[in-house]
Amino acid sequence: MATSVFARLPGFRDFPPEDFALRTHICEAWRRVSRRYGFLEYDGPPLEPMELYVQKSGGEIVDQLYSFVDKGNREVSLRPEMTPSLARILGARSRGMSKPIRWFSLPQLFRYERQQRGRLKEHFQWNVDVVGEAGLAADAEILAVAIDGLRELGLTSEDFVARVSDRGLVQMLLGTLGVPEDAVAAALAVADKLGRTPEVSVRERLVADMGFPDDLAERILEVFLAPSLEDLDAQLCSNRQVSERIESFREFLARLDAMGLGEYVEVDLKIVRGLAYYTGVVFELFDRKGELRAICGGGRYDKLLELVGGEPLPATGFGMGDVVLGELLADRGLVPTFRRELDYFVVAVSPEERPEALRIAQTLRESGKSVAYSLREQSVVKQMKAAGREGASVVLILGPDELERGCLVARDMTSGEEREVVLSDLM
RNA sequence: GUGGGCGUAGCUCAGUUGGUUAGAGCGCCGGGUUGUGGUCCCGGAGGUCGCCGGUUCAAAUCCGGUCGUCCACCCCA
């Protein structure tokens, strides 16, 4: 492929109309679902102080920031995620707002990292958050929105699944097992590996790298690999704090069942999420075939708003990117075929009819119809071909004979049927 | 960041062990058609074979570098 003088930056996308149509298709579905659940749309600046991310995300995210020093000598970064901006925006105004706050956004996000399939330097992400409600009803509502976003696009429980966990519960379980508090984060990181690394090598890592005794490593794995809450060691759950936490987690699951979404939800304590600020329920949505990376991830982050200097408010939300989702839709044949559409194409047989043709075109446009015509004087054949290419459903043909009688020919481009229309009727 | 595959027309690709002027289909433009599209027929434009360098009488083809892209690892908005 010839390299043009101005090549696109690697990891960024152009959206010619054929591709823009898919983006619109996805974004409109997201908006419809958001509004159906009573969420309001907001946005913020794509560029933020770098500090906003450094402060709460820690090392790894910072390495991937698309950041630079601006002309005012400020360290700035293109936003890698929306949640810190949301926290900042609410920090300034949440005190005066009625709770819970239900907001959504469709920001374009950036990261500086080598691209791969499903992972570019830029993507659009649907962000939905409930702020100011600590109960798990909010978490259930959030997950329901995420699931419905995918259903709205034609995906079913055969196509995707939501794996849910409770980071707080997992921490309690690890604590009960005797994992020291400062080792919990590392243990969670190891759990994250269990999805794609053989169990044996994960156990080895727990023992060799982290210095856990064999039997503790074994019991940690049992927790993460439990196929359901019922399979957790009964002795572990006899701890009152733990059993209460499990009970509320069950309530969360029961709510999703009641909403008719049970078939989309599976408990999986290996789900921990990479970001440091999650505190409770966390979830990720995956394609059932397991061919793609996570389509969506989210969870509860009760400390973040306070951390960014706002009112201490509990919050829960998710982010869903357009790239992986687009691949899944393509794989399942759910990408609508792009076609041009036009209500009318006006054909002037000779230049003499042009003024009348323009008048008709404008009148139709004023009434809300989409109308086009040839911008050059062309033969009727060429004008007809153009009408076909542009997807006109009706072609209005103005010739000297018809005009003299105050009418024109309307040709239905699907059936090929033609009929005479009196000009005054059309207006 | 590390390792590997790939890079020929707008798109999908073909191109013999290195050998004249690099091809096809689709698309695009024009004509058949100065009052009727889609189909069909005819014609045309479009490529410094990603880029730079090397080997050779001769390079799309072999070698090196570089850029892009894809895959794996790392990790994950």
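When reading the values below, keep in mind they use all heavy atoms of this one structure, side chains included, and skip hydrogens, waters and symmetry mates. Here is the naming used below: chain letters follow the sequence lines, and residue numbers restart at 1 for every chain.
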base_contact_polar (B:G3 base, A:Arg114 side chain, donor-acceptor, <3.5 Å): yes
Base of B:G37 paired with side chain of A:Arg389 (donor-acceptor, under 3.5 Å): no
Salt-bridge test for [X] and [Y]: reply yes if a basic N is under 4.0 Å from a carboxylate O, no otherwise.
{"X": "A:Asp148", "Y": "A:Arg36", "answer": "no"}
{"X": "A:Asp19", "Y": "A:Arg13", "answer": "no"}
{"X": "A:Arg288", "Y": "A:Glu266", "answer": "yes"}

Check the distance between [N]'s [atom2] and [X]'s [atom1] and give it to me in whole angstrom.
{"X": "A:Met384", "N": "B:G32", "atom1": "CE", "atom2": "C1'", "value": "18 Å"}
{"X": "A:Glu284", "N": "B:A77", "atom1": "CD", "atom2": "C1'", "value": "12 Å"}
{"X": "A:Met413", "N": "B:U39", "atom1": "CE", "atom2": "C1'", "value": "14 Å"}
{"X": "A:Arg119", "N": "B:C76", "atom1": "CZ", "atom2": "C1'", "value": "4 Å"}
{"X": "A:Asp401", "N": "B:U34", "atom1": "CG", "atom2": "P", "value": "17 Å"}
{"X": "A:Leu9", "N": "B:C67", "atom1": "CG", "atom2": "P", "value": "14 Å"}
{"X": "A:Lys385", "N": "B:G30", "atom1": "NZ", "atom2": "C1'", "value": "9 Å"}
{"X": "A:Glu113", "N": "B:A77", "atom1": "CD", "atom2": "C1'", "value": "10 Å"}

Taking atom [atom1] in both [N] and [M], what distance in whole Å separates the two?
{"N": "B:C6", "M": "B:C13", "atom1": "P", "answer": "15 Å"}
{"N": "B:G19", "M": "B:G7", "atom1": "C1'", "answer": "24 Å"}
{"N": "B:U61", "M": "B:C49", "atom1": "C1'", "answer": "10 Å"}
{"N": "B:G27", "M": "B:C40", "atom1": "P", "answer": "9 Å"}
{"N": "B:U16", "M": "B:C52", "atom1": "P", "answer": "23 Å"}
{"N": "B:U12", "M": "B:C71", "atom1": "P", "answer": "16 Å"}
{"N": "B:G25", "M": "B:G64", "atom1": "C1'", "answer": "36 Å"}
{"N": "B:A24", "M": "B:G46", "atom1": "P", "answer": "14 Å"}

Give [X] one of three labels, base, sugar-phosphate or nothing, depending on what nucleic acid heavy atoms sit under 4.0 Å from its own.
{"X": "A:Gln378", "result": "nothing"}
{"X": "A:Gly321", "result": "nothing"}
{"X": "A:Gly416", "result": "base"}
{"X": "A:Gly391", "result": "nothing"}

Face-on cation placement of A:Lys121 at A:Phe110 ring, 6.0 Å and 45° thresholds: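 No, cation not above the ring by the 6.0 Å, 45° rule.
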Separation of A:Glu75 CD from A:Leu65 CG (nearest 0.5 Å):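 Separation between the atoms: 10.0 Å.
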Given that both distances must come in under 3.5 Å, which nucleotide forms a Watson-Crick or G-U wobble pair with [N]?
{"N": "B:C6", "value": "B:G68"}
{"N": "B:G1", "value": "B:C73"}
{"N": "B:G19", "value": "B:C57"}
{"N": "B:G44", "value": "B:C28"}

Derivation of the salt bridge (charged side-chain N to carboxylate O under 4.0 Å, His left out) call for A:Arg340 and A:Glu390: CA-CA 6 Å; A:Arg340 305 186 67 168; A:Glu390 305 221 8; 3.7 Å; yes
Nucleotide nearest [X] when distance is taken to its side chain, options [options]:
{"X": "A:Pro10", "options": "B:A77, B:G35, B:U69", "answer": "B:U69"}
{"X": "A:Val381", "options": "B:C76, B:G35, B:U36", "answer": "B:U36"}
{"X": "A:Arg293", "options": "B:U36, B:A77, B:C76", "answer": "B:C76"}

Please check the phosphate of [N] (OP1 and OP2 only) for any side-chain N or O of [X] closer than 4.0 Å.
{"X": "A:Gln383", "N": "B:U36", "value": "no"}
{"X": "A:Gln115", "N": "B:U69", "value": "yes"}
{"X": "A:Lys382", "N": "B:U36", "value": "no"}

Least distance between heavy atoms, A:Leu52 atom then A:Pro84 atom: CG-CB, 3.7 Å
Expected output: side-chain A:Arg79 to main-chain A:Gln108 donor-acceptor under 3.5 Å: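 Answer holds: yes.
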Most 5' of A:Gln116 and A:Lys121 on RNA chain B, judged by nearest nucleotide: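 Whichever sits nearer the 5' end wins; that is A:Gln116.
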Toward the 5' end of RNA chain B, by each residue's nearest nucleotide, A:Phe110 or A:Pro400: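 The residue closer to the strand's 5' end, by nearest nucleotide, is A:Pro400.
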